[in-house]
Amino acid sequence: MWSRRQGRLRPTVCGVEELRRRRREREAALRKARREQQLVSKRLLRDDTPEEAGEGCVAAILGETEVQQFLRQAQRGTEEKEREGALVSLRRGLQHPETQQTFIRLEGSMRTLVGLLTSNQALLQLEAARCLHELSHSEQSTVAEACLPATSYLLTYLSGHSSDFIELCLYTLGNLIVESEAVRRQLLPQGIVPALAACIQSPHVAVLEALGYALSQLLQAEEAPEKIIPPASASSSILASTLPQHMLQMLQPGPKLNPGVAVEFAWCLHYIICSQVSNPLLIGHGALSTLGLLLLDLAGAVQRTEDAGLELLACPVLRCLSNLLTEAAVETVGGQMQLRDERVVAALFILLQFFFQKQPSLLPEGLWLLNNLTAISPSFCTSLLSLDLIEPLLQLLPVSNVVLTVLCNVAEKGPAYCQRLWPGPLLPALLHTLAFSDTEVVGQSLELLHLLFLYQPEAVQVFLQQSGLQALERHQEEAQLQDRVYAVQQTALQG
């Protein structure tokens, strides 16, 4: 029956290298899509007093007259309490986009606010900074650009002594950075990178978390791979500073690891890695080893607790590891990670089980890491087999067809690996997936069958006994699958 179809199909039979090339192209496309999924956002700090927050108070929208009145009182009031109260009223009004637009349209309003920011009275400085923070949260780039005169002062205050004030300045700068290229153009020559690098020495957790946020906003800028991350200019480059080494220190597992800080810096590391500017440099700094140890630590944590916040750190860690493993510099990955392969694979499956129960959206991230591990190293494939993880892996097939890619990585390593895959649950699972309507899933199943028949001819007879022929014939007329069906047929005949 197969020979009767051969004359009509006549496709090119795919070899192992061709199958490998196809999978790598699909993986590259998916990695690119994942790199472009960024987390641009804005943070808002509000610390209203009980009097402000209570009694169902709702801040009113302010008109021009009211904005001018509050600015005048804040600037020229006779008592400090009166001046501070005027700024509090203005700040609460600036929670509304309408008041923000009114404020930036008024001539001299920003100059007055900057004057109050730079005054020698701490309470007025703090309230002026809070007003700027409300403005920075605007979704309008014109509002962010109106704040340009204040940016140099915000940078200067990062070297101050008040951790609360530094935290507020960092979140404000982070909000402004992400909104406007004009703001970034001004901040870079003003020395934002050295200023941020100095903040990482702070002993205050809240400051470090705010720093991670501001830095992640800067790293997501469109021009970051060309102008911000590369070590071309020591004054404005992330990689030329000490930030990468300190980031990795913040991700070291142990009693000093703070989850909130670690999440922020893990995303920072993710954006640097995605820029693909100098990933070998990060690998040289021990990024793979640090992230690998953190992966083990996360696996241990999910066994001890049901804390739903763990996924916030697991996601960027998995992405960082996955993307670093695609670098050519990871030929010596085993030595760089300084971990036994079985520990890494076992930890990853603990996380996959946790995701399956608690956070299914993260399963693809874990499977991509497993894919990249098995693609680069036969020893990781050996660990997958020796730990009897094929059946648990197949249970994840309904979630993601990356499972099939991982199995192809194992099968393409040769006869010894296919012999370990067979006999087992693999063939029944492939017969099941051949009934799917998704051509991508069917195509990958055919590639895996091709490799299995090529290296383990004994599988052919069982495949035929289980109605495998009919399963193949269902796809012979599908243009996207014809060459793969033919390749499986030819390999089976030869077997």
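Atom set for the values below is all heavy atoms of this structure, side chains included, hydrogens, waters and symmetry mates excluded.
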How many angstroms lie between CG in Leu348 and OG in Ser383, if you round to the nearest 0.5 Å? 11.5 Å
Counting heavy atoms not belonging to Glu458, are there more than 12 under 6.0 Å from its CD? yes
Is there side-chain contact between Leu446 and His450, with heavy atoms separated by less than 4.5 Å? no
Side chain Gln220, main chain Ser216, donor-acceptor under 3.5 Å: yes
Are there more than 12 heavy atoms of other residues, nucleotides or ligands under 6.0 Å from atom CZ of Phe356? no
For the atom pair OG1 (Thr142) and CD (Glu145), what is the distance rounded to the nearest 0.5 Å? 7.0 Å
Side-chain contact test, heavy atoms from C-beta onward, threshold under 4.5 Å: evaluate it for Val442 versus Thr433 and give yes or no. no
Quick check against the 3.5 Å criterion: does Gln186 have a side-chain atom that pairs as donor or acceptor with the backbone of Leu148? yes
Derivation and outcome, side chain to side chain contact (heavy atoms under 4.5 Å, CB included), residues Leu449 and Leu427: CA-CA 8 Å; Leu449 270 175; Leu427 196 55; 3.7 Å; yes
Supply the atom-to-atom distance Arg343 CZ to Leu293 CG, rounded to the nearest 0.5 angstrom. 7.0 Å
Walk me through it: do Leu318 and Phe355 pass the test side chain to side chain contact (heavy atoms under 4.5 Å, CB included)? CA-CA 12 Å; Leu318 290 168; Phe355 297 152; 3.6 Å; yes
Between Val317, Leu312, Leu251, which is the residue that forms a side-chain contact (heavy atoms from CB on, under 4.5 Å) with Val263? Leu312
Heavy-atom pair with the smallest gap, counting every atom of Asn372 and Thr326: ND2-CG2, 3.7 Å
Does Ser180 use its side chain to pair, donor to acceptor, with the backbone of Leu176 at less than 3.5 Å? no
Closest heavy-atom pair, Met247 versus Leu215, reported as atoms and distance to 0.1 Å, is CE-CD2, 3.6 Å
Answer yes or no: is there a donor N or O on one side and an acceptor on the other, between the side chain of Ser141 and the main chain of Glu179, under 3.5 Å? no
Taking atom types as modelled, find out whether Thr405 and Gln444 have a side-chain donor-acceptor pair closer than 3.5 angstrom. yes
Separation between CD1 of Ile283 and OG of Ser289, rounded to the nearest 0.5 Å: 12.0 Å
Would you call the rings of His133 and Tyr171 parallel, tilted or perpendicular, where under 30° means parallel and over 60° means perpendicular? perpendicular
Is the closest side-chain heavy-atom distance between Gln252 and Leu257 below 4.5 Å? no
Do Leu407 and Leu394 have side chains that get closer than 4.5 Å, going by heavy atoms? yes
What pair of heavy atoms forms the shortest contact from Leu367 to Leu352, and how long is it? N-CD2, 4.0 Å
Under a 4.5 Å cut-off applied to non-hydrogen side-chain atoms, are Leu248 and Phe265 in contact? no
Mind checking whether Phe354 and Gln303 have side chains closer than 4.5 Å, heavy atoms only? no
The reported gap from CG in Leu132 to CG in Asn175 (rounded to nearest 0.5 angstrom) is 11.5 Å
Nearest atoms (heavy-atom pairs only) where Leu324 meets Ala287: CD1-CB, 3.8 Å
Nearest heavy-atom neighbours spanning Ile166 and Val207: CG2-CG1, 3.9 Å
Is the shortest side-chain heavy-atom distance between Leu291 and Leu269 below 4.5 Å? yes
After noting the C-alpha distance and the side-chain angles of Ser400 and Leu363, does the key distance pass the side chain to side chain contact (heavy atoms under 4.5 Å, CB included) rule? CA-CA 8 Å; Ser400 174; Leu363 280 169; over 6 Å; no
Check whether more than 12 heavy atoms from other residues, nucleotides or ligands sit under 6.0 Å from atom CD of Gln357, and answer yes or no. yes
To the nearest 0.5 Å, how far apart are CD in Glu264 and CD in Glu209? 5.5 Å
Quick one: side chains of residues 194-203, donor-acceptor pairs under 3.5 Å with protein atoms, not counting sequence neighbours, listed by atom name and distance.
residue	atom	partner	partner atom	Å
Gln201	NE2	His246	NE2	3.3
Ser202	OG	His204	N	3.1

Min side-chain heavy-atom separation Leu451-Cys408 under 4.5 Å: yes
Tell me if a side-chain donor or acceptor on Ser377 pairs with a main-chain N or O of Thr374 at a distance below 3.5 Å. no
How close do Pro230 and Pro225 get, heavy atom to heavy atom, and via which atoms? CG-O, 2.9 Å
Step-by-step side chain to side chain contact (heavy atoms under 4.5 Å, CB included) determination, Phe380 to Leu370: CA-CA 9 Å; Phe380 284 109; Leu370 183 61; over 6 Å; no
Side-chain donor-acceptor pair under 3.5 Å between Tyr213 and Gln217, yes or no? yes
